[in-house]
Student: 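Here you go, one structure.
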2 protein chains.
Amino acid sequence: MKVTNGETAQLGTIEKVVNHFSDNRPTKDCPVTDVLCRISDKWTMHAIISLGKAEKLRFTELKKKIEGISQRMLTVTLRTLEEDGFVTRTIYPQIPPRVEYALTPLGRSLVAQIMSLSNWASENMEEVFKARERFKLN
Amino acid sequence: MKVTNGETAQLGTIEKVVNHFSDNRPTKDCPVTDVLCRISDKWTMHAIISLGKAEKLRFTELKKKIEGISQRMLTVTLRTLEEDGFVTRTIYPQIPPRVEYALTPLGRSLVAQIMSLSNWASENMEEVFKARERFKLN
DNA sequence: CAGCATCCATGACGATACTG
DNA sequence: CAGTATCGTCATGGATGCTG
């Protein structure tokens with residue numbers, strides 16, 4: 001890992017990130033980017049948050065909580081979360097069907113991370129919005 | 001803010017996130033989601049990280065560091081970062097042109113957040129990959 | 001109820017060519 | 001050098017209809 005000029009490690013802990021981003025290669029070859037990309041689509045965060053506050057939810061309950069999501073996208077989102085080990089999908093074989101979704105321990109630890117990011121965003125959004133205003137005035 | 005059932009605040013601090021996600025509305029009306037969406041596209045993280053370790057970079061230097069990015073996307077990405085107040089763009093009126101990009105204080109505080117997420121990802125990616133393997137075997 | 005299958009619109013992104 | 005402009009492609013996601 002090298003920098004263009006001489007200053008290599010002035011930023012301390014930032015280096016840790018840089019290492020995991022393995023010199024800025026796009027998604028493949030970089031597991032960190034891989035994971036981040038999985039949770040940064042249009043609905044995943046909302047699904048995780050909803051499950052985080054409810055412990056356990058049925059498909060239709062989730063659909064109600066995540067305002068605006070289509071049935072298709074809820075299914076897709078939940079399957080991806082299940083695939084990555086963030087949620088469990090429990091099917092009760094009865095008619096009509098009953099399927100319950102819940103966070104895994106891994107999913108819960110992810111919620112904590114999202115919380116942190118979310119708090120940062122809420123603390124700094126004012127400044128971001130001001131910056132956008134300034135930018136509009138060229 | 002209301003929950004479907006009776007259990008409202010069992011999760012403590014998670015509520016803080018939930019509040020900022022304002023009952024799970026998509027992007028508009030939710031500043032947190034708004035900000036998160038801005039940094040979670042294909043290239044933004046890479047640009048921020050690169051600037052985070054270099055203090056100051058020219059356009060072409062950035063292009064070299066962010067492997068695979070096109071000229072167009074680098075421009076678009078940097079404009080958005082500038083618009084949101086995460087980077088500064090300094091033009092030196094000379095021929096050939098010289099433009100330098102650097103993180104603002106706001107941008108630096110964002111790097112710290114990305115670091116945290118990145119560290120979480122690197123610590124847990126093993127488990128995610130294992131989960132994917134299990135999922136493949138149905 | 002909890003999906004799956006299909007079609008379609010939109011926008012993100014890449015490739016290429018041109019310029020002050 | 002640091003862009004802008006244009007075009008083509010592809011993935012994301014919405015709408016709709018069908019089903020065990």
Side-chain angles (χ1 to χ4, degrees), chain A residues 4 24-28 33-34 36-47 50-51 54 56-84 87-102 135 138, chain B residues 4 24-28 33-34 36-47 50-51 54 56-84 87-102 135 138:
Chain A
T4 342
N24 298 317
R25 276 179 207 83
T27 319
K28 60 172 181 175
T33 307
D34 177 306
L36 294 185
C37 286
R38 296 288 276 234
I39 65 168
S40 64
D41 69 334
K42 190 172 178 184
W43 298 110
T44 300
M45 293 247 195
H46 295 284
S50 290
L51 287 169
K56 169 192 288 194
L57 287 171
R58 297 180 62 170
F59 187 86
T60 306
E61 290 171 341
L62 265 167
K63 189 156 166 16
K64 275 181 211 148
K65 281 173 178 286
I66 306 174
E67 193 174 334
I69 195 172
S70 66
Q71 202 170 36
R72 192 183 104 87
M73 287 318 295
L74 182 54
T75 303
V76 171
T77 302
L78 289 170
R79 282 303 131 75
T80 304
L81 285 170
E82 188 193 0
E83 184 180 349
D84 286 352
V87 312
T88 57
R89 179 167 173 262
T90 312
I91 307 172
Y92 297 89
Q94 57 190 42
I95 294 175
R98 173 188 188 83
V99 179
E100 284 179 351
Y101 294 89
F135 191 83
N138 288 18
Chain B
T4 339
N24 296 316
R25 274 180 209 81
T27 320
K28 60 173 180 175
T33 308
D34 176 307
L36 294 185
C37 286
R38 297 286 277 234
I39 65 168
S40 63
D41 70 332
K42 190 171 179 185
W43 298 111
T44 299
M45 293 249 195
H46 294 286
S50 290
L51 287 169
K56 168 194 290 196
L57 286 171
R58 297 181 63 170
F59 187 87
T60 308
E61 289 171 341
L62 265 166
K63 188 154 168 17
K64 275 181 211 149
K65 282 173 177 285
I66 307 174
E67 193 174 334
I69 195 171
S70 66
Q71 202 170 33
R72 194 183 102 88
M73 288 317 295
L74 182 54
T75 303
V76 171
T77 301
L78 288 170
R79 283 301 132 76
T80 305
L81 285 171
E82 188 193 358
E83 184 181 349
D84 286 353
V87 312
T88 57
R89 178 165 174 264
T90 310
I91 307 173
Y92 297 88
Q94 57 189 44
I95 294 174
R98 172 187 187 83
V99 179
E100 286 179 348
Y101 294 89
F135 191 84
N138 289 17

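A quick note: this is a predicted structure, and the numbers were derived from the prediction, not measured. Chain A is the first sequence line, chain B the second, and so forth, proteins listed ahead of strands; every chain is numbered from 1.
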Student: I need the minimum non-hydrogen distance between B/L74 and B/F59, along with the two atoms involved.
Tutor: CD2-O, 3.5 Å
Student: At 4.0 Å (heavy atoms only), tell me whether B/R58 reaches a base, stays on the sugar-phosphate, or touches nothing.
Tutor: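 Answer is sugar-phosphate: B/R58 comes under 4.0 Å of backbone atoms only.
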Student: Can you list everything that forms a side-chain hydrogen bond (donor to acceptor under 3.5 Å, both in side chains) with A/T44? Sequence neighbours excluded, please.
Tutor: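 Residues passing side-chain hydrogen bond (donor to acceptor under 3.5 Å, both in side chains) with A/T44: A/D41.
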Student: Can you list everything that forms a salt bridge (charged side-chain N to carboxylate O under 4.0 Å, His left out) with A/R98? Sequence neighbours excluded, please.
Tutor: A/E100
Student: Give me the atom names and distance for the closest heavy-atom approach of A/P97 to A/R58.
Tutor: O-NH2, 3.4 Å
Student: Can you work out whether A/D41 or A/Q71 has the more 5'-proximal nearest nucleotide on DNA chain D?
Tutor: A/D41
Student: Going 5' to 3' along DNA chain D, which nucleotides are the first and last within contact of chain A (any atom under 4.0 Å from a heavy atom)?
Tutor: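 Listed 5' to 3', the contact boundaries are D/dG13 to D/dG20.
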Student: Taking only residues two or more places apart in sequence, or in another chain, which ones meet B/R79 in a side-chain hydrogen bond (donor to acceptor under 3.5 Å, both in side chains)?
Tutor: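 side-chain hydrogen bond (donor to acceptor under 3.5 Å, both in side chains) list for B/R79, sorted by chain: empty.
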Student: What residues, two or more places apart in sequence or in another chain, satisfy side-chain hydrogen bond (donor to acceptor under 3.5 Å, both in side chains) together with A/R89?
Tutor: A/Y101
Student: If each of A/L78 and A/R72 is mapped to the nucleotide of DNA chain C with the nearest heavy atom, which maps nearer the 5' terminus, i.e. the 5' end?
Tutor: A/L78
Student: Looking at A/I39 and A/M45, what are the two nearest heavy atoms and their distance?
Tutor: O-CG, 3.5 Å
Student: I'd like to check A/V76 versus A/W43 (side-chain heavy atoms, cut-off strictly below 4.5 Å). Are they in contact?
Tutor: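 A/V76 vs A/W43: side chains apart.
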Student: Which pair of heavy atoms, one from B/A47 and one from B/L81, lies closest together, and at what distance?
Tutor: CB-CD1, 4.0 Å
Student: Run the side chain to side chain contact (heavy atoms under 4.5 Å, CB included) test against A/T60 and tell me which residues pass, sequence neighbours left out.
Tutor: A/K64
Student: Go through DNA chain C in 5' to 3' direction and return only the first and the last nucleotide with some atom under 4.0 Å of chain A's heavy atoms.
Tutor: C/dC1 to C/dT6
Student: Say you draw a straight line from NE2 of B/H46 to CD1 of B/I66; how long is it, rounded to the nearest 0.5 Å?
Tutor: 8.0 Å
Student: Return the angle between end axes of the helix from C/dC1-D/dG20 to C/dG20-D/dC1, with five pairs used per end and rounding to 10°.
Tutor: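 Inter-axis angle at the ends, rounded: 50°.
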Student: List in chain and number order the residues that pass salt bridge (charged side-chain N to carboxylate O under 4.0 Å, His left out) with B/R38, two or more places apart in sequence or in another chain; answer none if no residue qualifies.
Tutor: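 Testing B/R38 for salt bridge (charged side-chain N to carboxylate O under 4.0 Å, His left out), a comparison that skips the adjacent residues, returns B/E83, B/D84.
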Student: Mind running a 4.0 Å heavy-atom check of residues 88-102 of chain A against DNA chain D and sending the residues that fall below it, in number order?
Tutor: A/P97
Student: State which residues pass side chain to side chain contact (heavy atoms under 4.5 Å, CB included) with A/S70; sequence neighbours excluded, sorted by chain then number.
Tutor: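 In terms of side chain to side chain contact (heavy atoms under 4.5 Å, CB included), with neighbours along the sequence ignored, A/S70 is linked to A/R72, A/M73.
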